[in-house]
Amino acid sequence: MREIKRMKNSRAYTSAFTLLELMLVVAALAAMAFIFLQPMARPKVHGCGINCVNSLKQVGVSFRIWASDNGDKFPMGVAATNGGPAQQSAITDGTGAAYVYQVFQVMSNELGTPKIVCCPADGDRNPATNFGGHFTDLGNIGISYFVGKNADELNPNQYLAGDRNIGVKPASGWAGKTGDGSVTGFSPNVGRTGNFKSLLAYQKDPNLQWTDKIHQGKGNVCLADGSVQQMTSARMRAGITNVNDGTWIYFP
């Protein structure tokens, strides 16, 4: 009898241990599934936002490195004869929005690849394969970021570069391909002519906003000190007060 009882107790113990093991395995699998599947469940735009921030940080670093080799001036303020953009005279007098790409072109060594200046979330722009012929032939078609015409290292809060989807939102909402209220705001979709605007003129206009074309109504701005900030429309407008004469912006 004792032997039979001992065998029953042994079976019960073995059964309980096996169930415990099963529970541990299920718990471990559930934890692993949560860890690996959670990133896949995030909206794609979030990842694009992070990639855009990282790209703009590299853009900011490139501007500052280039400036350190060119009299502490960004490309917008350096003559073509001294290594600045080929159409630097047009950029200086405010008619050079079509040549925004040349600002990045002269920084090719610092940027490394033209993919850096094309935001992954910008479905209307295609990254260039190199800094040469593609930019010459197609102009701003590979550029996703605006450029602050008068940005200077001496004023670290000036807007140096940032997402191009800024505009004045009409009552009917974002629509169209050109004009201030287009799906990409001040920046034309065609990517050739560009646009030149003073943000200061719209500083107190609540309709000056990021469009919802890129980053779901938010945007990223690289300041003259090289730092990058993710901004809401309200914060973007508030920052205009700090940029002084750097409010003239080239939109590609």
Side-chain angles (χ1 to χ4, degrees), residues 48 51-52 55-56 58-60 62-63 66 74-78 80 83-151 159-168 174 176-199 210-215 219-222 228 236 246-252:
C48 289
N51 289 337
C52 183
S55 293
L56 269 176
Q58 294 184 59
V59 168
S62 298
F63 266 108
W66 195 92
F74 294 134
M76 301 80 75
V78 177
Q87 300 295 329
Q88 196 273 347
S89 59
I91 292 174
T92 298
D93 66 20
T95 62
Y99 307 110
V100 174
Y101 72 96
Q102 293 184 0
V103 172
F104 298 102
Q105 195 172 45
V106 299
M107 297 190 296
S108 60
N109 290 336
E110 289 76 16
L111 290 167
T113 170
K115 291 181 179 180
I116 295 298
V117 296
C118 188
C119 175
D122 190 347
D124 295 315
R125 296 296 162 88
N126 300 309
T129 56
N130 58 72
F131 282 104
H134 191 291
F135 277 58
T136 301
D137 296 339
L138 300 179
N140 295 332
I141 198 68
I143 304 296
S144 295
Y145 303 126
F146 69 70
V147 171
K149 172 181 174 290
N150 297 317
Y159 287 1
L160 174 60
D163 289 316
R164 68 189 182 96
N165 58 312
I166 296 177
V168 177
W174 302 113
K177 295 184 177 181
T178 58
D180 297 352
S182 72
V183 292
T184 47
F186 294 138
S187 180
N189 281 355
V190 291
R192 295 178 185 275
T193 59
N195 206 346
F196 186 52
K197 291 287 182 178
S198 170
L199 294 186
W210 299 103
T211 79
D212 53 13
K213 181 69 174 179
I214 306 173
H215 304 316
N220 306 305
V221 173
C222 177
V228 175
M236 177 266 291
T247 54
W248 283 101
I249 301 293
Y250 282 120
F251 290 91

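Predicted, not measured: the structure shown is a model, and the values here were computed from it.
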Could you report the tightest heavy-atom contact between [X] and [Y], atom names first, then the distance?
X      : Y      : result
Gly60  : Cys222 : CA-SG, 3.5 Å
Thr211 : Gly185 : CG2-N, 3.4 Å
Ser182 : Trp174 : O-CE3, 3.3 Å
Gly132 : Gln105 : O-NE2, 3.6 Å

Discussion item. Using a 6.0 Å cut-off, check whether atom CZ of Phe131 has over 12 heavy atoms from anything other than its own residue.
Written reply: yes

Please examine the side chains of [Y] and [X], heavy atoms only from C-beta on, and report whether any two atoms are closer than 4.5 Å.
X      : Y      : result
Ser144 : Cys118 : yes
Phe74  : Val147 : no
Arg164 : Asp124 : yes
Asn189 : Thr184 : yes
Pro85  : Tyr101 : no
Tyr145 : Ser55  : yes

Practice prompt. Please name the residue in the list Asp122, Asp163, Val228 that meets the side-chain contact (heavy atoms from CB on, under 4.5 Å) test with Cys52.
Written response: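 Going through Asp122, Asp163, Val228 one by one, the side-chain contact (heavy atoms from CB on, under 4.5 Å) with Cys52 is satisfied by Asp163 alone.
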
For the atom pair [atom1] ([X]) and [atom2] ([Y]), what is the distance rounded to the nearest 0.5 Å?
X      : Y      : atom1 : atom2 : answer
Asn140 : Ser187 : CG    : OG    : 7.5 Å
Asn195 : Ile249 : CG    : CD1   : 11.5 Å
Asp180 : Ile166 : CG    : CD1   : 12.0 Å
Asn220 : Ile214 : CG    : CD1   : 10.0 Å
Arg125 : Ile141 : CZ    : CD1   : 5.5 Å
Gln102 : Ile143 : CD    : CD1   : 10.5 Å

Worksheet item: Only one of Phe104, Phe186, Phe196 forms a ring-ring contact (aromatic ring centres under 6.0 Å, His included) with Tyr250, so which one is it?
Response: Phe196

Discussion item. Does Trp210 form a side chain to side chain contact (heavy atoms under 4.5 Å, CB included) with Met236? I'd like the steps, not just the answer.
Written reply: CA-CA 8 Å; Trp210 299 103; Met236 177 266 291; 3.7 Å; yes

Item to complete: Would you confirm whether Trp66, through its side chain, and Val106, through its main-chain N or O, come within 3.5 Å as a donor-acceptor pair?
Response: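 Indeed, once roles are kept as given, a pair shorter than 3.5 Å links the two residues.
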
Discussion item. Test side chain to side chain contact (heavy atoms under 4.5 Å, CB included) on Val103 and Met76; report intermediate values, then the result.
Written reply: CA-CA 7 Å; Val103 172; Met76 301 80 75; 3.8 Å; yes

